[in-house]
Protein chains: 2
Amino acid sequence: MSQTVDRALSILPLLAEGPADLGQVAERLGVHKSTALRLLRTLHEHGMVYRQSDQRYRLGARLIALAQEAMENLDIREIAHPHLVRLNESCGHTVHLAVYEDDEVLYIDKVESRYPVRMYSRIGKPVALTVAAVAKLLLADLPEAERRALAGTLEYPLYTARSTPDAPAFLEELARVREQGWAVDLGGHEESINCIAAPVRGADGRVVAAMSVSAPNVVVTAEELLTLLPQLRRTADAVSGEYSGRTTAKEPA
Amino acid sequence: MSQTVDRALSILPLLAEGPADLGQVAERLGVHKSTALRLLRTLHEHGMVYRQSDQRYRLGARLIALAQEAMENLDIREIAHPHLVRLNESCGHTVHLAVYEDDEVLYIDKVESRYPVRMYSRIGKPVALTVAAVAKLLLADLPEAERRALAGTLEYPLYTARSTPDAPAFLEELARVREQGWAVDLGGHEESINCIAAPVRGADGRVVAAMSVSAPNVVVTAEELLTLLPQLRRTADAVSGEYSGRTTAKEPA
DNA sequence: CGAGTCTGTTGCAGTGTGTGCAACGTCCAT
DNA sequence: ATGGACGTTGCACACACTGCAACAGACTCG
């Protein structure tokens, strides 16, 4: 791989933490100031970083524009979005859409809860693989070999007492999820937050995305949340149908 | 600037148009396939591009995550402050910056008038929603439903004879403000104080903040204050540009 | 079934490109 | 004035990047 590009790209996550000046960037990269300057200049010319009035650098607009374009190209998102909105209107809770990519599961869309108490999440943010309901669905659909290999390399942080403890337990959970066609996370990531998820499938039956409904204990109990499962599954199935071309969003009048 | 990084970054907008394979990337960059491969590999390691099942490359998830993080860290106050100062230096009056948060409008920055007679205000203090010029701008940008709901729950205290009397009048005023893109408060809060305001908009056009110039009657008449409107709007637009990353504060000479 | 042609990938040698250094300019505080 | 901190520039060296050519695998066609 390319050293120069590697260094340049390493600057971006660094700046994502907050603005930094030339010296800080150079130090954290472990290179000379002049080197850092040239990298930053190149990034600047491409609009990836932006120089604010105090001369410090922060991430630039082009990055945001590119990301927006990237998301627009995810057609699953486009199709699913109105369904997420409708689901949120009906139940009021936070609704997420997630996909699997390069050993990560990421939220690619989200409709905020209409309750004042909300869970924190961010579009684009990698999800806790071993506990999140959407992650279980997406990973459960991987080929057997890949699934076992991945389970072996993962870490199993004990966010709470109910977090998945180790690889065998995880593989067992994935098998159950695969079997039943939906998944839950009952306080496995944050003690007080529960989550149910259902798969969106492509024409070939492969799981292409997962959608979920999340709510804190203080708003609804786990049992109450589970009563939403049929509605969630119907919504996910509707998205699946549309994505695989079997049905359309609105029948032509 | 760096050739290697320049080439690597040029790949991103290219992929934003749609997925492309190695050959296409190499051709459009004007480099050998092997060169393009190494660049793509480096981008891939940083999650900036993703290799889909048909081996073609797409923009990657980390790009989305970075952009999202960047947007969270944007600090309007930091960006706007020097502009407020400059505006104050030019006109001498009190300049405010306000945001909408949880059914309240708050001043988050202020540059004091250079005239001896000043209006009283405090950073962090909630603003009188029904009369303040900045509040009108921020509320006028809310979704129709939310705006109507909020207007219904508000109280309409008659600070002065020119205060907004009730919900219908308020909604009408908001519609006008929304239409014209700026707002005034002529003695609606304190009999002797006038105020003009203009919106700061994010990349998506949503109003993220409002800035205002306030002055008591004894210093300038309402008509005189209104002559500052173009300058105020230009300043607000400059902040908008910077906030959404379209422009930079100062290009390095 | 094997020749042909597409892909993507790897090792290598030359050199052009990125590197660190040192010196300079500027700003600010003392 | 004087020192320090910071961004910037020019330069000589070396090394990281480049393009080439050869290889490997998938696929198509006769």
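Computation of the quantities below employed the complete heavy-atom set of this structure, encompassing side-chain atoms and omitting hydrogens, waters and symmetry-equivalent molecules. Note on naming: letters A, B, ... go to the chains in the order of the sequence lines (proteins, then strands), and numbering restarts at 1 for each one.
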Inset, instruction - Report the distance from atom CG of Leu37(A) to atom P of dC21(C), rounded to the nearest whole Å. - result: 16 Å
Legend entry - Asn88(B) side chain vs Glu112(B) backbone, donor-acceptor pair below 3.5 Å: yes
Inset, instruction - Could you work out which one of dT7(C), dG18(C), dC12(C) sits closest to the side chain of Arg38(B)? - result: dC12(C)
Legend entry - Polar contact flag, side-chain donor to acceptor under 3.5 angstrom, Ser90(B)-Gln231(B): yes
Inset, instruction - Show the numbers, then the answer: is there a side-chain contact (heavy atoms from CB on, under 4.5 Å) between Lys136(A) and Val177(A)? - result: CA-CA 7 Å; Lys136(A) 291 175 189 171; Val177(A) 164; 4.1 Å; yes
Inset, instruction - By nearest nucleotide on DNA chain D, pick out whichever of Thr4(A) and His32(B) is the more 5' one. - result: Thr4(A)
Inset, instruction - Spell out yes or no: do the side chain of Thr35(A) and the base of dG18(C) have one donor N/O and one acceptor N/O closer than 3.5 Å? - result: no
Inset, instruction - Can you tell me the distance, in whole Å, between the CG atom of Asp21(B) and the C1' atom of dG8(C)? - result: 10 Å
Legend entry - NZ/NE/NH1/NH2 to OD/OE distance under 4.0 Å, Arg41(A) and Glu45(A): no
Legend entry - N or O in side chain of Ser34(A) less than 4.0 angstrom from dG20(C) OP1/OP2: no
Inset, instruction - Using the closest heavy atom to pick a nucleotide of DNA chain D for each, name whichever of Val5(A) or Arg41(A) lands nearer the 5' end. - result: Arg41(A)
Inset, instruction - Counting heavy atoms from C-beta on, name the nucleotide in dG20(C), dT9(D), dT18(D) closest to the side chain of Arg7(B). - result: dT18(D)
Legend entry - Short side-chain N/O contact to dG7(D) OP1/OP2 from Arg51(A), under 4.0 Å: no
